[in-house]
Amino acid sequence: MSEPRPDTTRSIGVALIWLAVAASLLTAVVAASGGFRFDVAGMLVSIRTAARPLIAAIVFGIAGVIALRRAGAQLPFQNLHHTLTRRGWLMAWGFAIAIGFTTIFGGAHLAGGTDSSGYLSEARLWRERNLRITTPLANELTFANGQHPFIPAGYQPAGTGAGVPGYPPGFPLLMALAGSIGGEQAAFAVVPLSAAGLIIVAFMLGRRLGGPDTALIAAAAVGASPILIFQSVQPMSDVPAAFWWSLAVLLLTHESNRMAAFGGAAAAIACLVRPNLFALTPLLAGLSVWWGGWTRASWLRAIVFVVPPAIAAAAFVYLQQVMFGGATRTGYGPVETLFSIEHVRANLVRYSRWTVFVQSALIAVSIAAPFVIRRRWVDPEMDAGAAARVAWSGLVLYAALQTTYLLYLVFEDWVYFRFLLPALPLVLILESAVIAAACRRAQLPLRGLAVLLIAVLVASWGVGRARSLGAFQLWHSEQRYLDVAEFVRGLPPDAVFVTLQYSGSLWYYQSATLLRWDWIDAGEIDGAIAQLSEKGRPVFAVFDDWELPQVRQRFTGTRFVQRLTSPIFETGPNEIRAQIYAINGTTTGAAGARVSSPPLLAIRIPRTLGAPDPAWRSARWSRR
């Protein structure tokens with residue numbers, strides 16, 4: 001039997017290479033979307049896992065290379081690596097824009113739980129230039145826990161009938177600035193813009209540490225980090241802190257004092273967003289001296305860098321003193337109650353497990369990055385010594401930040417892995433450097449294709465992992481806060497709401513009068529409701545369904561619990577349901593409609609970037 005002709009073998013090899021590319025792209029689509037199914041001429045086609053197209057891509061690729069070598073033909077994509085080297089920044093910007101739009105239009109941009117509602121309401125206070133809220137109900141009722149029962153979650157008492165926000169000022173100030181420029185809805189753009197900016201910073205820092213291949217993979221790895229995407233679709237401080245801190249590191253890698261000053265300003269903003277970064281600022285400055293070889297110029301650059309964070313630290317201490325009565329007292333409580341050596345063992349187990357759960361075990365290869373960079377396996381033309389020192393510094397900064405949270409309070413949920421986001425991009429860039437070094441082992445014609453496909457696969461895996469963790473379903477769950485706020489809009493304006501989970505959102509959307517059940521003792525609740533009833537004030541209870549067992553246990557045997565039988569309102573069939581109960585009898589809404597009698601209604605309100613609007617009453621209604 002005769003051997004196939006070289007031309008035929010070459011054609012087969014090229015076809016196999018293109019099939020490998022197509023299978024790789026299909027792998028990316030399946031990983032990002034979670035799979036799909038459709039009918040073709042009556043035949044069902046279903047792809048639910050990325051494993052099969054990935055295996056096909058590998059088999060096609062290897063077979064294609066073998067066929068082309070037998071034919072003595074050149075491999076395709078001869079100029080792809082050169083193009084990526086020159087134009088990779090276009091892909092990074094494109095990915096940044098895509099992530100920005102995805103997180104804006106696919107996110108839960110509303111005042112939801114304690115943190116998001118607290119940040120948004122504090123931003124509003126900053127715009128109003130008054131950081132105190134008033135709680136007049138505190139002048140009518142007395143509780144053993146003082147002013148705490150009257151204050152929404154995320155706030156701290158500040159004297160009788162007053163409260164102050166408990167969150168650090170950095171993130172609310174950024175939101176207030178955005179709101180001053182583009183209106184209150186613009187505050188929701190801060191986090192998506194920070195996510196997009198972080199991708200560009202990762203690309204630029206990756207280029208400085210490992211060349212263009214590392215830069216492209218780093219942009220994909222950082223931008224598609226599951227925890228970054230998860231935190232980018234809600235108004236939380238983690239992503240802005242990561243952006244400003246990573247920007248500070250990037251600017252400090254330049255030798256200019258002017259860039260060091262800009263880097264210091266970025267670090268100051270990051271520290272005001274996440275105050276524990278103040279402790280890492282001197283460490284970063286000292287590491288920058290090591291990068292520069294302990295010269296006088298590097299010492300001067302470090303001093304220039306620390307000036308803005310030092311000014312920010314002084315302002316922060318003053319604010320803590322004014323609002324909470326001491327530099328070591330925070331909105332979360334005294335520092336000595338938050339950090340303890342006893343937390344280390346439990347947190348070490350949790351953070352180790354969360355790291356692999358969220359980012360996969362591949363993150364461990366970042367440890368090899370300093371060695372890979374030092375040996376010029378990534379980019380032979382770069383200053384390997386300086387880059388390796390910066391790489392070591394990235395690992396040191398991550399370890400230092402991790403140490404602060406090993407001492408911090410113990411949490412059970414994996415979402416608290418978000419605490420490490422300020423230093424995580426550095427580690428992901430180092431991971432990308434090791435991957436880029438592996439790609440460099442491929443022949444030049446295939447090197448560009450390998451880098452491109454790996455970047456695509458890394459990005460698609462991250463997006464898919466974020467999707468599986470529920471990032472793009474948060475808006476569906478968080479919608480209940482708007483549903484509750486819209487229903488409460490129709491209740492009497494002098495109503496009092498016993499709640500915890502909805503205290504922040506009801507305060508933000510309605511300036512509602514609140515009683516926090518978690519600060520009220522069992523023997524006090526019935527007396528407080530009786531006093532309010534004597535004054536003709538209606539009382540409602542607002543809970544999530546998971547809260548109700550805790551409430552029943554806390555107030556066992558009280559008349560308050562006996563009233564928690566039939567909700568007057570309940571949100572639709574989600575994983576978490578909000579429920580509203582009328583506590584002191586039948587109540588008439590502001591428009592005169594009875595809201596305490598069946599049939600009960602579940603209101604579905606369209607998603608929005610802003611606050612509820614009265615026109616939404618024309619939204620879809622469905623009977624429970």
> Does the pair Asp238/Arg274 count as a salt bridge with the N-to-O cut at 4.0 Å?
Replying inline: yes
> Does a donor on one side chain and an acceptor on the other come within less than 3.5 Å for Asp115 and Tyr167?
Replying inline: yes
> Does CZ belonging to Arg353 count more than 12 external heavy atoms closer than 6.0 Å?
Replying inline: yes
> Is the backbone of Thr103 close enough, under 3.5 Å, to the side chain of His109 for a donor and an acceptor to pair up by distance?
Replying inline: yes
> Could you walk me through whether Leu452 and Met91 pass the side chain to side chain contact (heavy atoms under 4.5 Å, CB included) check?
Replying inline: CA-CA 10 Å; Leu452 179 60; Met91 293 190 62; 3.3 Å; yes
>> If we ignore hydrogens and angles and just use 3.5 Å, is the side chain of Trp377 paired with the main-chain N or O of Ile373 as donor and acceptor?
In response: no
> Heavy-atom count around Arg374 CZ within 6.0 Å, excluding the residue itself: above 12?
Replying inline: no
> Between Leu284 and Ser288, is any pair of side-chain heavy atoms under 4.5 Å apart?
Replying inline: no
>> With a 6.0 Å cut-off (strictly less than), is the heavy-atom count around CE of Met204, excluding the residue itself, greater than 12?
In response: no
> Would you say the side chains of Ser393 and Trp290 form a donor-acceptor pair under 3.5 Å?
Replying inline: no
> Is Ile17 close to Val65 at the side-chain level, that is, under 4.5 Å between some pair of heavy atoms?
Replying inline: yes
> What closest approach, in Å, do Ala108 and Pro235 show between heavy atoms, and which atom pair accounts for it?
Replying inline: O-CD, 3.4 Å
>> With a 3.5 Å distance limit and no angle check, can you tell me whether Arg208 reaches the backbone of Thr253 through a side-chain donor-acceptor pair?
In response: yes
>> When you compare the side chain of Thr214 with that of Arg207, does any pair of heavy atoms fall below 4.5 Å?
In response: no
>> What I'd like to find out is whether the side chain of Phe188 reaches to under 4.5 Å of the side chain of Leu120, using heavy atoms alone.
In response: yes
> Within the side chain of Asn347, is there an N or O that forms a donor-acceptor pair under 3.5 Å with the backbone of Tyr405?
Replying inline: yes
> Closest heavy-atom contact between Phe171 and Pro240?
Replying inline: CE1-CG, 3.7 Å
>> I need the Trp294 CH2 to Trp299 CH2 distance, nearest 0.5 Å.
In response: 6.0 Å
>> When you measure from the side chain of Ser360 to the backbone of Val356, do you find a donor-acceptor pair of N or O atoms at a distance under 3.5 Å?
In response: no
> How many angstroms lie between CG in Leu110 and CG in Leu474, if you round to the nearest 0.5 Å?
Replying inline: 9.5 Å
>> Within this structure, what is the CD1-OG distance for the pair Ile435 and Ser366, rounded to the nearest 0.5 Å?
In response: 10.0 Å
> Would a distance-only check, ignoring hydrogens and angles, find a side-chain to backbone donor-acceptor pair under 3.5 Å from His343 to Tyr408?
Replying inline: yes
> Between Pro168 and Val273, is any pair of side-chain heavy atoms under 4.5 Å apart?
Replying inline: no
>> For a quick test of reading the model, state the closest non-hydrogen atom pair linking Cys271 to Thr281 and the distance between them.
In response: SG-OG1, 3.4 Å
> Where the side chain of Ser246 meets the backbone of Phe243, is there a donor-acceptor pair that is under 3.5 Å apart?
Replying inline: no
> Which pair of heavy atoms, one from Val451 and one from Cys439, lies closest together, and at what distance?
Replying inline: CG2-CB, 3.9 Å
> How far apart are the C-alpha atoms of Trp291 and Leu252, what are their side-chain angles, what is the distance that settles it, and do they pass the side chain to side chain contact (heavy atoms under 4.5 Å, CB included) test?
Replying inline: CA-CA 10 Å; Trp291 305 343; Leu252 195 56; 4.0 Å; yes
>> Assess, by modelled atom type and distance only, whether the side chains of Glu122 and Trp126 contain a donor and an acceptor separated by less than 3.5 Å.
In response: yes
> So how far is it from Arg447 CZ to Arg440 CZ, rounded to the nearest 0.5 Å?
Replying inline: 4.5 Å
> If you draw the axis of the six-membered ring of Phe357, does the NZ or CZ of Arg465 fall within 45° of it and under 6.0 Å from the ring centre?
Replying inline: yes
> Does the side chain of Glu412 reach to within under 4.5 Å of the side chain of Arg350, using non-hydrogen atoms?
Replying inline: yes
>> Pair Trp245, Leu421 - check side chain to side chain contact (heavy atoms under 4.5 Å, CB included), show working.
In response: CA-CA 10 Å; Trp245 185 252; Leu421 253 175; over 6 Å; no
> After noting the C-alpha distance and the side-chain angles of Leu424 and Leu401, does the key distance pass the side chain to side chain contact (heavy atoms under 4.5 Å, CB included) rule?
Replying inline: CA-CA 10 Å; Leu424 182 62; Leu401 184 62; over 6 Å; no
> Taking atom CG of Leu272 and atom OG of Ser237, what is their separation to the nearest 0.5 Å?
Replying inline: 12.0 Å
>> Can a donor-acceptor pair be found, under 3.5 Å and without considering hydrogens, that links the side chain of His254 to the backbone of Leu250?
In response: yes
> When you measure from the side chain of Ser225 to the backbone N and O of Val222, does any donor-acceptor pair fall under 3.5 Å?
Replying inline: no
> With sequence neighbours excluded, what pairs up with Tyr416 under the ring-ring contact (aromatic ring centres under 6.0 Å, His included) test?
Replying inline: Phe411, Phe419
> If you measure from the Lys or Arg side-chain nitrogens to the Asp or Glu carboxylate oxygens, is any gap between Arg376 and Glu381 under 4.0 Å?
Replying inline: no
> So, for Leu216 and Gly88, which heavy atoms are closest and what is the spacing to 0.1 Å?
Replying inline: CD1-O, 3.9 Å
> What are the two closest heavy atoms between Ile199 and Ala92, and how far apart are they?
Replying inline: CG2-O, 3.9 Å
>> If you define the side chain from C-beta out and look only at heavy atoms, does anything of Leu420 sit under 4.5 Å from Tyr398?
In response: yes
> Is it true that atom CH2 of Trp414 has more than 12 heavy atoms of other residues, nucleotides or ligands lying nearer than 6.0 Å?
Replying inline: yes
>> Within the 4.5 Å heavy-atom criterion, are Leu426 and Leu395 side-chain neighbours or not?
In response: no
> Are the side chain of His81 and the backbone N or O of Gly448 linked by a donor-acceptor pair below 3.5 Å?
Replying inline: no
> About how many Å separate CD1 of Ile269 and CG of Leu174, when rounded to the nearest 0.5 Å?
Replying inline: 6.5 Å
